[in-house]
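Structure record follows, encoded as structure tokens.
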2 protein chains.
Amino acid sequence: MPAVAEHLPISPQHQAELLAADAIGDIIEHWGFRKVLGRVWTVLFIAAEPLPAASIGERLAMSAGATSMALTELQRWGVVKRVWRPGERKEFFEAETDFWKMISKVFSERERLLADSVRERLETAAKLLRSAPPGPLTKASTDRVERLLSFVLVAQTALEGFIKSRQVDFSPFGNLVSFPLRVAKGKKEG
Amino acid sequence: MPAVAEHLPISPQHQAELLAADAIGDIIEHWGFRKVLGRVWTVLFIAAEPLPAASIGERLAMSAGATSMALTELQRWGVVKRVWRPGERKEFFEAETDFWKMISKVFSERERLLADSVRERLETAAKLLRSAPPGPLTKASTDRVERLLSFVLVAQTALEGFIKSRQVDFSPFGNLVSFPLRVAKGKKEG
DNA sequence: TAGAACTTTCAAAAGGTTCTGAAAGTTCAA
DNA sequence: TTGAACTTTCAGAACCTTTTGAAAGTTCTA
């Protein structure tokens with residue numbers, strides 16, 4: 001087996017599969033996952049029947065190791081399932097087809113984690129500024145950090161509502177997101 | 001100047017600033033920008049007054065080059081503005097404070113670009129599958145690719161509506177996002 | 001129990017991204 | 001026009017992420 005990529009003639013089916021897999025890979029990457037996870041899921045989704053790991057690796061030109069890791073991670077996210085085929089030695093895998101289930105899982109696990117960590121740090125920052133030493137701009141800075149915090153809180157609430165109702169209303173952001181903010185009005189500094 | 005990071009005593013203000021900057025950096029990174037862009041914007045936002053590039057670099061321990069590149073990119077996204085100070089040689093920078101303006105700019109430029117590119121590729125894939133050679137699973141695969149395409153189209157529409165109205169309604173996804181999908185019903189294959 | 005078929009793990013390599021630092025570029029005052 | 005102050009650019013360095021490939025592990029059959 002040569003070390004260079006082989007460019008065998010590709011069937012239209014395979015070509016379509018690669019095109020779609022890579023497109024969905026880009027979306028998935030944009031959501032902070034590895035592109036390969038999106039590609040593997042898409043191959044399974046398009047196949048419309050369970051596939052063995054080796055077949056996936058072959059279609060996407062991945063090593064057995066990479067295929068195994070991708071499938072493990074996809075299962076951890078509940079978007080791919082292992083399927084047992086009577087009489088088959090190897091395992092088969094199939095794609096979860098319920099998009100909403102996938103979306104809400106990602107939002108409720110991963111996004112919440114990030115939002116929580118950000119909220120905590122902003123709270124600490126606000127506390128530091130409030131409790132500590134008075135300077136010419138400390139008050140203004142405290143206001144700004146508090147505004148960031150409000151924003152994160154509202155966003156977090158909106159996201160949670162979204163998962164429950166499938167609707168997001170950003171109206172509550174009101175003048176929180178969009179405000180002209182008098183900038184250190186009437187003040188000058190060196 | 002030593003090559004190692006110096007750990008001078010840090011004022012509570014500075015500590016708060018770094019904490020908040022890094023938290024917002026994490027959010028921004030999650031949206032596909034460099035973390036440093038989030039940190040620079042946050043320092044400017046918290047400062048609540050225009051700052052010179054050198055001051056930003058100092059606070060975040062960045063080189064002049066990195067600071068310059070970050071500020072250029074932030075301006076390109078319209079989230080930081082250059083400010084001229086009469087009598088000052090150097091340039092000052094201030095943060096855009098209208099969150100909504102920032103969000104909608106990112107959505108309408110960057111997200112749309114991604115969605116368009118994905119849509120195009122899925123359309124090509126669907127075309128390839130439809131026009132080409134009949135196989136036992138080609139019909140099922142075509143259906144799947146078409147479903148991905150519908151999903152992207154609905155998502156794109158929802159995002160555009162969101163930017164216009166500040167509301168997203170994912171109800172139109174209806175059974176598009178959540179469907180039990182009869183899986184190759186009544187068919188078996190080797 | 002031995003061995004074949006298959007899967008998982010992980011250290012090292014490859015590949016990608018971001019930052020540094022110095023040189024080039026720009027602007028302004030004199 | 002010169003030189004000081006400041007900014008930008010970019011090649012190489014540093015850093016981070018992902019993949020490979022081979023060894024170890026697992027499961028099943030005989």
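Worth saying up front: this structure is predicted, and the values here are computed from it rather than measured. Here is the naming used below: chain letters follow the sequence lines, and residue numbers restart at 1 for every chain.
Atom CZ of B/Arg82 and atom C1' of D/dT8 are 10 Å apart (whole Å). Between A/Leu71 atom CG and C/dC6 atom C1' there is a gap of 13 Å when expressed in whole angstrom units. The interatomic distance linking A/Glu29 (CD) with D/dT19 (C1') rounds to 15 Å, in whole Å. Rounded to a whole Å, the CD atom of A/Glu88 is 15 Å from the C1' atom of D/dT29. Atom C1' of nucleotide D/dT19 and atom CD1 of A/Ile56 are separated by 17 Å, given to the nearest angstrom. Between the CD atom of B/Glu58 and the P atom of D/dT7 there is a distance of 13 Å, given to the nearest Å. One atom, CG of A/Leu60, and another, C1' of D/dT19, lie 14 Å apart when rounded to the nearest Å. Rounded to a whole Å, the CD atom of A/Glu91 is 12 Å from the C1' atom of D/dC28.
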Quiz item: Tell me, for nucleotides 14-30 of chain C in 5' to 3' order, what letter each nucleotide earns: B for a base near a protein heavy atom under 4.0 Å, S for only sugar-phosphate near one, - for neither?
Solution: ----SSBB-----BB--
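Note: A/Phe45 and A/Phe99 have tilted aromatic rings, judged against thresholds of 30 and 60 degrees for the angle between ring planes.
Classification of B/Glu123 and B/Lys127 as a salt-bridged pair fails, no side-chain N sitting under 4.0 Å from a carboxylate O. Between A/Lys139 and A/Asp143, at least one side-chain nitrogen of the basic residue sits less than 4.0 Å from a carboxylate oxygen of the acidic one, meeting the salt-bridge criterion.
No donor-acceptor pair under 3.5 Å is formed between the side chain of B/Arg119 and the backbone N or O of B/Ala115. Side-chain atoms of A/Ser141 come within 3.5 Å of backbone atoms of A/Leu137 as a donor-acceptor pair (strictly under, hydrogens ignored). For the pair B/His30 (side chain) and A/Gly32 (backbone), a donor-acceptor distance under 3.5 Å is absent.
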